[in-house]
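Below: the structure, in structure tokens.
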Amino acid sequence: MDLTWSPAEEAFRVEVRAWLEANVPAEPLPSGDTREGFARHLEWERRLFDARWSVVSWPEAYGGREASLWEWLIFEEEYYRAGAPQRVTQNGIFLLAPTLFEFGTPAQQDRFLRPMASGEETWCQGWSEPDAGSDLAGISSRAVRDDEAGGWRLRGQKTWTTRGAFCTHLFGLFRTDPEAQRHRGLTYFLVPLDTPGVTVRGFGRLDGDEGFAEVFFDDAFVPDEMVLGGVGEGWSVAMATTGSERGLTLRSPGRFLATAERLAALYAERGAGASDPGLRHAVAQARIDAEAYALQTLSTVTRIAEGERPGAESSLTKVFWSELDVRLHDTARRLLGPDSALDGPWTKGWQFALSGPIYAGTNEIQRNVIAERVLGLPRK
Amino acid sequence: MDLTWSPAEEAFRVEVRAWLEANVPAEPLPSGDTREGFARHLEWERRLFDARWSVVSWPEAYGGREASLWEWLIFEEEYYRAGAPQRVTQNGIFLLAPTLFEFGTPAQQDRFLRPMASGEETWCQGWSEPDAGSDLAGISSRAVRDDEAGGWRLRGQKTWTTRGAFCTHLFGLFRTDPEAQRHRGLTYFLVPLDTPGVTVRGFGRLDGDEGFAEVFFDDAFVPDEMVLGGVGEGWSVAMATTGSERGLTLRSPGRFLATAERLAALYAERGAGASDPGLRHAVAQARIDAEAYALQTLSTVTRIAEGERPGAESSLTKVFWSELDVRLHDTARRLLGPDSALDGPWTKGWQFALSGPIYAGTNEIQRNVIAERVLGLPRK
Amino acid sequence: MRFAFTDDQLAFRDAVRDLLTRECPPGVVRAAWSNADGRSGGAWKALGEMGALGVMVAEEHGGLGLTELDAVLLAEEAGRAALPDPFVEHTLAGAPLVATEEAASGAVTVTAASGRDLVPWADSADVLVVGGVVVERGTAAVDPRPAVDGARRLAAVEVAGAPPLRTLDPTERDLTADRLALGYAAQLVGLAARMLDTTVAYVSERRQFGVPIGSFQALKHHLADSRIALEFAAPLVYRAAYSLAHRDPDAPVHVSMAKAQASDAAELVARHALQCHGAIGYSDEHDLHMWMKRAWALAAAGGDASWHRERVARAIL
Amino acid sequence: MRFAFTDDQLAFRDAVRDLLTRECPPGVVRAAWSNADGRSGGAWKALGEMGALGVMVAEEHGGLGLTELDAVLLAEEAGRAALPDPFVEHTLAGAPLVATEEAASGAVTVTAASGRDLVPWADSADVLVVGGVVVERGTAAVDPRPAVDGARRLAAVEVAGAPPLRTLDPTERDLTADRLALGYAAQLVGLAARMLDTTVAYVSERRQFGVPIGSFQALKHHLADSRIALEFAAPLVYRAAYSLAHRDPDAPVHVSMAKAQASDAAELVARHALQCHGAIGYSDEHDLHMWMKRAWALAAAGGDASWHRERVARAIL
């Protein structure tokens, strides 16, 4: 066990920190889940890209630095510590890109990765449908073969597409074999949202931001080269991405430490006036949990660095961080007392935190996965 | 709404209180779940019976006072407030007796009720079997018809029979129709434990007291008059009793107020030295919950007094009180800090409280009942 | 001993429920998020006409001269409908103090706030009960603040320069604060009951994996826990109303028990309701969020659960 | 950066696990409930022979001269086996202070306690580390007290009249308390892991309603929550061991984070384990209760979760 960083890693951290200190906007940007905020965020992401900080672990050819896993983690830690803006490109960079690296053709990688890294092309995820939320295998949107044109015609509807109204591209699953049941007969498509026959309608989230979209497909044509990973292979290709989605949290071990520290600052300000003497320990426990999260991430990264591949254990992480995030913000609300009725960063954060136990597989489903695949309990 | 008592009710309360003050043993009796304690408790119950306080709501012929539902409640309140001994006869008086009153023949009532009230005959419940715990309908103990002798021969095993090693009689379900499935073909029997072919083996509970027993039946003969409520009718007869079991809590609205007050006293003694500043509110919340329990009982009794019959709502009460009892004792343990490792009334109480969410239908099953029968959610 | 409402009280409750079902469907609540004053308009007028707004105003001033015990079920209904009007602030707290025919009928809207609370619907009310005085709204400085619940408009109010219509004595101030807390507790019970009903209906219908999602044990248990929380909150609220109506010296502690329990119950029911709805409930196009945000607002108003738990602690420790 | 144990550390852990599987099956724990001293006898001797009891004793005194980081996994195994011996009190706390060959081999048993704790196995130990002094047991007044965990014998110890073998300086006192807390945290992780394993096996086999009860979602979720609690407790324990071993100035806070989290995790796992076992687990003829009672004892020992949470609060607030 060695919890220190090498001189080279320390040097990398110094470089990251210096650049972020000089460049992170002094004023927080407007929410990236509004049209205006999204545009402002893209300007920031462009600056990241130009300085080669947008995808540090990627090959240089696509705008990266070929950073090691540990350097990548250092970058993410510093990024959170600096309070730098939320990454509105995350669905592309963290969900689609790993799939492209694993399943994409060289042509697809050359075509899509660099514009994704620069934010020139922005990606949203087309998984859910009105009748296929938790039950992802219930997808009914179809892709019908058009041999003559050498491609597919998409029909159906996707929904709860995060930032769908602002993105340029969508990746998603469509049923190519209408006879196949459930998770068979699905194919993974890459779809430019300006394709004729595609209509996007944004709608609001709990906190009022237009962060969701419905996407309608009315015989929208996509050529064969927009299939990722083989016709009919959509489910296994997508599951690789879903793994990344649940593992998104790998992004930064320091992710909740920053919130726990802000919570401690709020306590310093408000604690004496709060009615609940137990809040003191709630704040302490938030810090303990945030440290536990950070350390568990280091443990996972060690295993990955030594060649293991993360499996169903990512469900443990998803449940823990999403419920920790809710507790962190709930403690803040209780510290705010009557002021928790006002709009503000903590009440916004509270509403956002409530999505954590729902998205990317509800926590109920994650707990089933833990029970069945980590503990080995009987399915039925 | 009228939360006051009538002069007659107040007079009844004064009478109860005076008698209890004069008669409740100054020193707590040893646990009624030990052989010695059980005997000592029976002496106490005999004194209760002799003064006609053992079954206040029963007809005078069986030793009662024909008290109203409200007077009965007053008695129970005072009984708890006085810290009077736990009723080791409760399985007879509160579980079997309601069933006897409803389904018993006049001969059965005359034969069994008065000795039950006096503690001369003591009853334990023969529901669970090694393979039929939560799944009560999975009972496999059999009663085989013996036409010649005019009765039944019992075969099989019951277990987790509370105080079974000390009681004189058992009531329980046996399968009279081996062809019938699940809850059909069961019959409710009354069985003297000194019947030849019956063997009782006591065993310890979590807290070490010999509070449980296994009861083995090896062709034990019981005559026809020991069938309660008709051959093959056992399930519906038992369900009436199970309703009472879940409604046992009706016994005293003040039941948890007494514990909440003892907890407040413990806080006065220990709170200043405790590490957790939140314990103050945990103690306050325990009191709030205990009052909620008392008031919800008053609301239920009002409805019963006005002619309603309690239904699946009793599951709400079971879950609430059993988990409140656990919280009450857990708060006490946290107040005790390192001393919680020592044997003592609170740590004994804690271990006993842990049985609440398990017995009389686990809380998981109760929550299913609430969801399906109170809220109307789909079974499958 | 009888712990139940009278048939008259239940009939009045039913009448208000029917009225609000008609006059305050979810569309009215939604409209209040973006209209000028966050108010219902029609529902308020109809409630005034049926006498519900003057239930606690003395008969000689045109009210019904009844008590908190008669008003508490009506507040519960206002909660169930998420009524975008200062029903509790007016009916339980303000109108009995103002005690005029206009207040009894709701022609004049009175709002009120206690403690550190901002004042709800201050900019559309006619009379404000704030900081121990009753003032005309026009004479006070009203400074709107952005609220999470877009219909329940909040404002900081400065009454230093305003000529008081009357000044409350300490007993009146305390009573007013307790009436607000009681009314909010009742509204929270109504809000929670509505969220639970809506969620039960939703999970019974919504199918995933080929079955209604309400058949999954995890969701069953979320909703069973919600139902339990309600079952052991409502009686405390009704008892507090009784104690206030009878000027029981323990009434303030009873109010605190009620408000603490109802606040926690509503927060819990809201959490489970959202989780059971999933992404559909997370959209602002679904009605759930309006009920949830009202529940959050009222859980924090009139003293939050911790504030009231502390008052209980002071009384028993 | 590498947050994992070395192959050597894991091999030592495995060897201790194998030894305890052989020498300390549940029957040995059960026997300790009723034997004279609450001790294992054979397992202690075997641990001494393999060097596990002297792991933190300096090499010149016959120990292995290793650190908390090497001992922590062994303590976890002692927890997993519910070993009825003062493994943590001796190996992590007492033996390094006594620093003799007899202590290193376990021929002399050392026990220790910190804060307000009663002293475990005081009547069968040879040397006691209590109240800042090291004394021969025979010279102290040892007053046994009835404990919930019948194997972990407790006693109040008075050392006022005993001639100290040595007196600890404040740094040693604090370090000893932290080592006890760390060791208990590790034992709690082991105890919890064992209870979870046992429960998973039980619910996979036990059938009710025609299916294994482990197929019911409610039980799945209890056990998933147990697994999550363990997953986010163990890393804090390992980090605390690392920090102590490296004399990191933050080590005391790291120990507190570990002990608070491990105590809460073990309490939660115990609750779910009992609930999933139902009445079978509630019988004292089943082994579960011995693990549960050890978990309760160690959750309260060396500072309970609240005591350690308070130390974290003082450090960060």
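Just so we're on the same page: letters track the sequence lines, and every chain starts at 1.
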**Message:** Which atoms of C:I228 are under 4.5 Å from chain B, going by heavy atoms: the side chain, the backbone, both sets, or neither?
**Reply:** both
**Message:** Could you report the tightest heavy-atom contact between C:F232 and B:L316, atom names first, then the distance?
**Reply:** CE1-O, 3.8 Å
**Message:** Check this for me: B:Q181, atom CD, are more than 12 non-hydrogen atoms of other residues, nucleotides or ligands nearer than 6.0 Å?
**Reply:** no
**Message:** Is C:Q217 in contact with chain B via its backbone, its side chain, both, or neither, using a 4.5 Å heavy-atom distance?
**Reply:** side chain
**Prompt:** Between C:I316 and B:A264, which heavy-atom pair has the shortest distance, and what is it?
**Reply:** O-CB, 4.4 Å
**Message:** For the interface with chain B, which of C:V200, C:L219, C:D264 has the highest count of heavy-atom pairs at distances below 4.5 Å?
**Reply:** C:V200
**Item:** C:R314 versus B:R280, closest heavy-atom pair with distance
**Value:** CG-NH2, 3.6 Å
**Top of C:V211, C:L317, C:V312 for chain B proximity - count of heavy-atom pairs under 4.5 angstrom** = C:L317
**Request:** Kindly give the heavy-atom pair with the smallest separation between C:T6 and B:M1, and that separation in Å.
**Result:** CG2-N, 4.4 Å
**Prompt:** Can you tell me how far the OG atom of C:S215 sits from the CZ atom of B:R379, to the nearest 0.5 Å?
**Reply:** 12.0 Å
**Asked** If you look at every heavy atom in C:S204 and B:L377, which pair is closest and at what distance?
**Response** OG-CD2, 3.5 Å
**Complete:** Value for CH2 (B:W70) from CE (C:M1), rounded to nearest 0.5 Å, stands at 6.0 Å
**Prompt:** Quick one: what part of C:A260 sits under 4.5 Å from any heavy atom of chain B, side chain, backbone, both or neither?
**Reply:** side chain
**Prompt:** Side chains of C:Q261 and B:Q285: is there a donor and an acceptor less than 3.5 Å apart?
**Reply:** yes
**Message:** Just checking C:E205: does its CD atom have more than 12 heavy atoms from other residues, nucleotides or ligands closer to it than 6.0 angstrom?
**Reply:** no
**Item:** Main-chain N/O of C:R2 paired to B:T302 side chain as donor or acceptor, under 3.5 Å
**Value:** no
**Request:** Quick one: pull up NE2 in C:H246 and OG1 in B:T4 and give me the separation to the nearest 0.5 Å.
**Result:** 8.0 Å
**Request:** Heavy-atom distances under 4.5 Å only: say whether B:V319 touches chain C with side chain, backbone, both or neither.
**Result:** side chain
**Request:** Give the minimum heavy-atom separation between B:L375 and C:A224, together with the two atoms involved.
**Result:** CD1-N, 4.1 Å
**Message:** Would the distance check show the side chain of C:Y242 and the main-chain N or O of B:D2 forming a donor-acceptor pair, the cut-off being under 3.5 Å?
**Reply:** no
**Complete:** Bottom line for C:Y238: the part with an atom under 4.5 Å from chain B's heavy atoms is both
**Request:** Side chain from CB out, backbone as N, CA, C, O: work out which of these in C:L223 comes under 4.5 Å of a heavy atom of chain B, or both, or neither.
**Result:** both
**Message:** How about CZ on B:R309, more than 12 heavy atoms from neighbouring residues, nucleotides or ligands closer than 6.0 Å, or not?
**Reply:** no
**Most contacts with chain C, counted as non-hydrogen pairs under 4.5 angstrom, among B:A371, B:P378, B:A260** = B:P378
**Value rounded to 0.5 Å, distance of CD in B:E291 from CE in C:M257** = 4.0 Å
**Complete:** Max heavy-atom pairs within cutoff under 4.5 Å with chain C, candidates B:E261, B:R287, B:E313, goes to B:R287
**Request:** Keeping the roles fixed (side chain from C:K220, backbone from B:V369), state whether a donor-acceptor pair exists under 3.5 Å.
**Result:** no
**Prompt:** Is there a donor-acceptor pair under 3.5 Å between the side chain of C:H221 and the backbone N or O of B:E364?
**Reply:** yes
